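What follows is a short report on a single structure.
Just so it is clear, the structure is predicted and the values come from calculations on it, not from any experiment.
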Amino acid sequence: MDLLNHPLLRTDSYGKIFLYVNQDICACVPRHRIRMSEPVNPEHLLAAVKDALLRFPYLMVGIEKSKTQYVYRLLSTDPVVLPFDGQTMRYAIGSEDTHGYLFLVGYQNDEIFMEYQHSISDGRGFEEFIRCVLFNYLRHCGHPVENDGTVRTLDTFYSQEESEDAYQKLDENYSSEGIYTKPEALHADALSDLADAPEIVTEVTFPFQSLRAATHEYGVSPLSMISPLFCRAFYQKFGQGSEKPVIAQIPVDLHPYVPSVTNRYFICFLDLPYEAAYEDLPLPEVFRKTKDFLKAQMEPELLLYRAKAASDACSEIHNRDIPLAEKETAAQTLVHNFVHGDSFLITNVGEFKLPDCMRPYVLDYGAVLPSASQPFGMLISSYGGKMKLSIAQHDHDMQVCTNFVKLLSEIGIDAAMKSYPFVVTRFSGQTACPQF
């Protein structure tokens with residue numbers, strides 16, 4: 001079989017770009033953090049990962065390089081699970097640390113950590129793998145768990161469509177009419193492009209029911225509240241006297257718009273502004289303006305136009321016939337400029353769902369998007385009726401986060417806040433390739 005067309009070696013058109021970047025430029029290695037009801041057994045965890053790979057064979061890949069490209073290669077080595085300590089142990093995904101795999105599974109005390117290089121999946125797709133690993137792990141631990149049909153275990157079968165390039169289904173003729181033309185965004189320059197500086201994660205948690213009550217009261221969506229609240233906290237710290245808007249970059253899942261079961265990277269981005277003039281408006285009015293803006297920009301035609309344009313640009317760089325070093329520079333410049341067109345990124349992975357029988361053993365879940373070259377990265381998740389907003393940043397000044405929590409309290413959401421050091425996993429194509 002031609003390996004370039006092997007179904008297990010497909011990268012999607014957009015995800016290809018992540019093969020050429022590193023953790024300093026963009027958040028190419030997100031982390032999922034799961035707290036269990038008992039200390040983690042590494043042997044059972046490794047057995048669970050091996051089982052899950054039989055169901056998700058397209059994750060059994062590393063990368064190799066030609067003179068002009070990085071491409072996937074099939075792996076025959078066993079995966080590994082790695083000890084975490086949360087502060088000093090730092091690994092390079094795709095390297096010898098992970099036996100070449102582009103995902104990482106770690107453990108510390110009662111916690112399991114799972115990370116992935118963004119070229120292989122988006123958050124929605126990788127969570128399918130996480131659920132499978134957790135189910136198999138609990139089985140290996142002897143717990144009486146049964147699949148309710150929502151977990152992709154070995155009683156179901158892999159289909160090639162799960163790893164298809166769904167961007168190939170997009171049309172050439174989408175219109176861009178009505179897309180927001182953004183001005184220069186407000187930036188926190190002192191916290192941008194800090195390369196390998198350590199990060200801090202602040203978890204803001206509150207009952208999901210309190211968010212539901214607030215959105216019902218104001219007649220808006222959760223994102224129409226959370227984004228402008230954090231933008232207001234950002235503006236109050238960095239924007240006094242500036243007329244530039246704070247612009248949040250928002251990933252949008254494309255599965256509701258284009259039928260596909262792909263677990264690959266299948267999203268687009270939109271820009272959600274908080275105008276300087278919003279500072280003089282009451283929060284309910286800001287929420288409504290944000291809701292109206294989102295409604296207009298979430299028109300399928302506009303989302304699919306964005307997706308097609310971005311995937312074409314990423315695919316073009318991947319296929320460009322230039323030396324690999326030049327290609328890396330071009331790709332990193334493209335991604336850096338795209339990321340810095342906005343003030344920061346907010347992504348929402350939604351509710352983490354497990355069969356009821358698994359919940360007594362899985363006590364908590366959250367995910368972290370590193371801030372990378374931007375000042376902040378926020379990831380929104382929920383599990384067991386609790387909302388968790390994980391906010392990554394480079395410095396120890398918690399003013400934006402504390403102001404954000406105060407703003408939440410103004411609309412009736414009493415949130416808890418805690419911070420901890422975050423050691424970002426590295427990635428570089430050169431490190432991930434075999435050293436021949």
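For residues 364-381, the set of pairs meeting the salt bridge (Lys or Arg N to Asp or Glu O under 4.0 Å) definition, not counting sequence neighbours, comprises Asp364-Lys386, Asp364-Lys388.
Counting heavy atoms from C-beta on, the side chains of Asp342 and Phe269 never come closer than 4.5 Å. Under the 4.5 Å side-chain criterion, counting only non-hydrogen atoms from C-beta, Arg31 is not in contact with Val201. Using a 4.5 Å heavy-atom cutoff, the side chains of Tyr361 and Glu38 are not in contact. Within the 4.5 Å cutoff, no side-chain heavy atoms of Val29 are placed close to those of Val424. Side-chain contact check for Phe404 versus Thr202: every heavy-atom pair is 4.5 Å or farther apart.
For the residue pair Tyr20 and His318, a side-chain donor N or O sits within less than 3.5 Å of a side-chain acceptor on the partner. Under 3.5 Å, the side chains of Ser175 and Glu301 contain no donor-acceptor pair of N or O atoms. Inspection of the His140 and Asn41 side chains reveals no N or O donor paired with an N or O acceptor under 3.5 Å. Neither side chain, Asn263 nor Ser121, offers a donor N or O lying under 3.5 Å from an acceptor on the other.
With a 6.0 Å radius and a threshold of 12 heavy atoms from other residues, nucleotides or ligands, Lys169 has its NZ atom above the threshold. Counting heavy-atom neighbours within 6.0 Å of Tyr420 OH, excluding the residue itself, gives a total above 12. Taking a 6.0 Å sphere around CZ of Phe352, one finds it holds more than 12 heavy atoms contributed by other residues, nucleotides or ligands.
Ring pair His336/His340 is parallel by interplanar angle, where below 30° counts as parallel and above 60° as perpendicular. Classification of the Phe376-Phe234 ring pair by plane angle, with boundaries at 30° and 60°, yields perpendicular. In this structure, Phe84 and Tyr91 have tilted ring planes: the angle between them lies in the 30° to 60° band.
At least one cation-pi condition fails for Arg264 and Tyr72: the charged atom is not both under 6.0 angstrom from the six-membered ring centre and inside a 45 degree cone around its axis.
Between Arg124 and Glu127, none of the side-chain N atoms (NZ, or NE/NH1/NH2) sits under 4.0 Å from a carboxylate O, so this pair counts as no salt bridge. Using a 4.0 Å cut-off between charged side-chain N and carboxylate O, Asp148 and Lys353 make no salt bridge. Arg212 has no carboxylate O lying under 4.0 Å from a charged side-chain N of Glu217, or vice versa, which leaves the two without a salt bridge. Using a cutoff of 4.0 Å between basic side-chain nitrogens and carboxylate oxygens, Lys308 and Asp312 are scored as salt-bridged. No salt bridge links Glu164 with Arg10; every basic N to acidic carboxylate O contact stays at or beyond 4.0 Å.
The side-chain contact (heavy atoms from CB on, under 4.5 Å) with Leu53 is formed by just one residue from the set Leu59, Asp78, Val133, Leu75; it is Leu59. Checked against Tyr107 for a side-chain contact (heavy atoms from CB on, under 4.5 Å), the options Leu82, Ile34, Leu45, Leu46 give a single hit: Leu45. Tyr116 pairs with exactly one of Phe103, Phe126, Phe18 by the ring pair (Phe, Tyr, Trp, His ring centres under 6.0 Å) rule, that one being Phe126.
Residues passing the side-chain hydrogen bond (donor to acceptor under 3.5 Å, both in side chains) test with Tyr70, sequence neighbours excluded: Glu328, Gln430. Partners of Tyr274 by ring pair (Phe, Tyr, Trp, His ring centres under 6.0 Å), not counting sequence neighbours, listed by chain and number: Tyr278.
Distance CD1/Ile391 to CG/Leu369: 12.0 Å, rounded to 0.5 Å. Remark: Glu351 CD to Ile380 CD1 distance equals 14.5 Å, nearest 0.5 Å. Taking CG of Leu302 as the reference point, atom OH of Tyr180 lies at 14.5 Å (rounded to 0.5 Å).
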Test ring-ring contact (aromatic ring centres under 6.0 Å, His included) on Phe266 and Tyr167 and set out the steps.
CA-CA 7 Å; Phe266 194 42; Tyr167 290 100; 5.1 Å; yes
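Heavy atoms only, all atoms of each residue included: Cys314 and Ser13 are closest at CB-O, 3.3 Å. Across every non-hydrogen atom of Gln69 and Asn319, the tightest pair is NE2-OD1, 3.3 Å.
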